[in-house]
Amino acid sequence: MAASLLKTSSMSLRTKLLHQTGLSLYNTSHGFHEEEVKKKLQQFPGGSIDLQKEDNGIGILTLNNPSKRNAFSGVMMLQLLERVIELENWTEGKGLIVRGAKNTFSSGSDLNAVKALGTPEDGVALCMFMQNTLTRLMRLPLISVALVQGWALGGGAEFVTACDFRLMTRESTIRFVHKEMGIIPSWGGATRLADIIGSKQALKVLSGALKLDSKLALSLGMVDEVLQSSDEAESLKEAQEWLNQFIQGPPEVIRALKKTVSSGKELCFEEALQTERDLVGTLWGGPANLEAIARKGKFCK
C-alpha cells in the first residue's frame, strides 16, 4: 500500500530534493562543476571535520582547526561534504550536534583560500558548493543543534543557521561580519537568518554587523537556550542532554518527523501534505506503531 502511494505521487523537483538523499541544489545545468571546485579547494589544506557517532543516535560533528579559530580551509570544506554524505547514510541516526574544537565555534573561511580564490567566478562557484553542502546538512533527517562556544563569525555564523536549533554558552558571540569584508553572506546564511528571526531583524543584524551576545541572541529568537556551563566538556554534555529530550523513540519515527517539518517549511502547502501522506505510509502498521498501540493507555499517565 505504502509503495503504491509513493509511486502515484507527482513530485516537483524541490519535493524530490527533500525526498531523496544525495541531491544538491546546483549542478552542471546551473554552470556548477563540482569536480573543478574540489580541485581548487584541495590546494588549501589545514584542519579537519571530525564526526563521532554515538550509540544513542547522536552524531557529534566537530570543526577542528583551532590554530585559526576553526576557520574553514579548502580541505575542511571538502571534508564537510564527505561527513554530510556519511550522515545521510546513517540510518540509525536521530540527532546531530555541531561544535568547534577548543571552545570556539568557527571564524568563517580561511583567508588564505579567500585571497587565492579572488575572482567573481571563483566566489560564485564556492558559494554554490557551500550552499549545496549546508542545504544537504539542513535537510538531514536528524534533529540538529549548533553548540556555539566562543565566536561564530562570518561563515561560522552562517553555519549555525543551517541547524534546527542553536545553543550558546554565556560568553559566546555570533556575528555576521560580511558587510565589513565588502560582501554579503554566501553560504545561504542571509536566507536562513531571515527565516529564523524574521526579515526586519535579519536586516538589522546583517547591515549593522551586530555582535549577538547570548542575551541578545536569545531575545531575538536566534538561539533556543543559553547553557549554564562554559567549560568545553560540560557544555557539550549539556547540549547532549538538551537534544536527548527530542530524540526519544525509534529512529524511523524521529527521522520521519524531521522530514515532515522540512517539507512543511520548504514546499507549497499541497506538496507538503502529500509528503506527510507518503511518510505516514512508511510508518503506519509498522513495528513502532504496533508496539505503541499495544501500550495504549499509558500516554494518559
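Starting from 1, each residue takes its place in the sequence as its number. Quick note: numbers below take in every heavy atom, side chains included, and nothing from hydrogens, waters or symmetry partners.
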Side-chain touch [X]/[Y], heavy atoms, less than 4.5 angstrom:
X    : Y    : value
I143 : K94  : no
T169 : V148 : no
D122 : K40  : yes
L147 : F105 : no
L126 : L41  : yes
N27  : F32  : no
E180 : R175 : yes
V98  : V145 : no

Any side-chain to backbone donor/acceptor pair from [X] onto [Y]? Under 3.5 Å, distance only.
X    : Y    : result
N56  : I247 : no
N70  : A101 : yes
E158 : W187 : yes
N132 : L25  : yes
R166 : M222 : yes
E232 : K102 : yes

Under a 4.0 Å N-O cut-off, is there an ion pair linking D195 with K265?
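A salt bridge links D195 with K265.
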Does the pair D164/K258 count as a salt bridge with the N-to-O cut at 4.0 Å?
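Salt bridge between D164 and K258, a charged N being under 4.0 Å from a carboxylate O: yes.
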Output, in order, the C-alpha distance, side-chain angles, deciding distance and verdict of side-chain contact (heavy atoms from CB on, under 4.5 Å) for L137 and L61.
CA-CA 11 Å; L137 183 141; L61 189 73; 4.3 Å; yes
What's the separation between atom [atom1] in [X] and atom [atom2] in [Y], rounded to the nearest 0.5 Å?
X    : Y    : atom1 : atom2 : value
Q149 : S172 : CD    : OG    : 8.0 Å
E86  : Q79  : CD    : CD    : 11.0 Å
N65  : S107 : CG    : OG    : 8.0 Å
D110 : S73  : CG    : OG    : 6.5 Å
L142 : M138 : CG    : CE    : 13.5 Å
L212 : I174 : CG    : CD1   : 6.0 Å

Which heavy atom in [X] sits nearest to a heavy atom in [Y], and how many Å separate them?
X    : Y    : result
S144 : C163 : OG-CA, 3.3 Å
A125 : V37  : CB-CG2, 3.8 Å
G93  : P251 : O-CB, 4.4 Å
M168 : A217 : SD-CB, 3.5 Å
F44  : A116 : CZ-CB, 3.3 Å
I254 : G249 : CG1-O, 4.2 Å

My understanding is that only residues two or more places apart in sequence, or in another chain, count here; which of them pass side-chain hydrogen bond (donor to acceptor under 3.5 Å, both in side chains) with S109?
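S109 satisfies side-chain hydrogen bond (donor to acceptor under 3.5 Å, both in side chains) with no other residue.
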Going by the rule side-chain hydrogen bond (donor to acceptor under 3.5 Å, both in side chains), which residues pair with K38 if we only count those two or more places apart in sequence or in a different chain?
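Listed in chain order: E34.
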Given salt bridge (Lys or Arg N to Asp or Glu O under 4.0 Å), test E291 with R295 step by step and report yes or no.
CA-CA 6 Å; E291 183 180 341; R295 298 194 311 265; 3.3 Å; yes
I'd like to know whether E266 forms a salt bridge (Lys or Arg N to Asp or Glu O under 4.0 Å) with R139, so could you lay out the CA-CA distance, the side-chain angles of the two residues, the decisive distance to 0.1 Å, and finally the verdict.
CA-CA 10 Å; E266 293 194 56; R139 290 173 173 170; 2.6 Å; yes
Do [X] and [Y] belong together in a cluster built from hydrophobic side chains that touch within less than 4.5 Å?
X    : Y    : answer
V205 : V226 : yes
V114 : L117 : no
L279 : L283 : no
L63  : L167 : no
V177 : L210 : no

Tell me if the CD1 atom of I184 is crowded by more than 12 foreign heavy atoms within 6.0 Å.
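No, not enclosed.
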Does atom CD of Q245 have more than 12 heavy-atom neighbours from other groups under 6.0 Å away?
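Counting other residues, nucleotides and ligands, CD of Q245 exceeds 12 neighbours.
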What do the steps show when you test V75 against Q43 for side-chain contact (heavy atoms from CB on, under 4.5 Å), and what is the final call?
CA-CA 8 Å; V75 167; Q43 300 173 37; over 6 Å; no
Between the side chains of R170 and S230, is a donor N or O closer than 3.5 angstrom to an acceptor N or O?
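No, because no side-chain N or O of R170 sits under 3.5 Å from a partner of the opposite role on S230.
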Residue pair T275 / D278, side-chain donor-acceptor N/O under 3.5 Å
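Checked: T275/D278 side chains show no N/O donor-acceptor pair below 3.5 Å.
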Assess whether salt bridge (Lys or Arg N to Asp or Glu O under 4.0 Å) is satisfied between E92 and K53, documenting all intermediate values.
CA-CA 10 Å; E92 298 83 12; K53 293 183 282 191; over 6 Å; no
Step by step, would you call L243 with I58 a side-chain contact (heavy atoms from CB on, under 4.5 Å)?
CA-CA 9 Å; L243 177 57; I58 293 179; 4.1 Å; yes
Give the intermediate values and the outcome of side-chain hydrogen bond (donor to acceptor under 3.5 Å, both in side chains) for residues T104 and R69.
CA-CA 6 Å; T104 297; R69 292 199 295 180; over 6 Å; no
Which residues pass the side-chain contact (heavy atoms from CB on, under 4.5 Å) test with A190, not counting sequence neighbours?
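Result, side-chain contact (heavy atoms from CB on, under 4.5 Å) vs A190: P185, L206.
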F159 vs F72 aromatic rings, parallel, tilted or perpendicular, using cut-offs 30° and 60°?
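Aromatic pair F159/F72 classed parallel.
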Once the angle between the rings of F165 and F246 is folded into 0 to 90°, is it parallel (under 30°), tilted (30 to 60°) or perpendicular (over 60°)?
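F165 vs F246 ring planes: parallel.
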Apply side-chain hydrogen bond (donor to acceptor under 3.5 Å, both in side chains) to the pair D50 and S48, showing each step before the final yes or no.
CA-CA 6 Å; D50 305 326; S48 63; 3.0 Å; yes
Begin with the C-alpha distance, continue with both residues' side-chain angles, and end with the deciding distance and a verdict on side-chain hydrogen bond (donor to acceptor under 3.5 Å, both in side chains) for R136 and S24.
CA-CA 7 Å; R136 287 171 69 166; S24 298; 3.2 Å; yes
Test side-chain contact (heavy atoms from CB on, under 4.5 Å) applied to L78 and F129, step by step
CA-CA 9 Å; L78 296 176; F129 182 86; 3.9 Å; yes
Between N244 and Q240, is a side-chain hydrogen bond (donor to acceptor under 3.5 Å, both in side chains) present by the stated rule, with each step listed?
CA-CA 6 Å; N244 197 53; Q240 289 173 301; over 6 Å; no
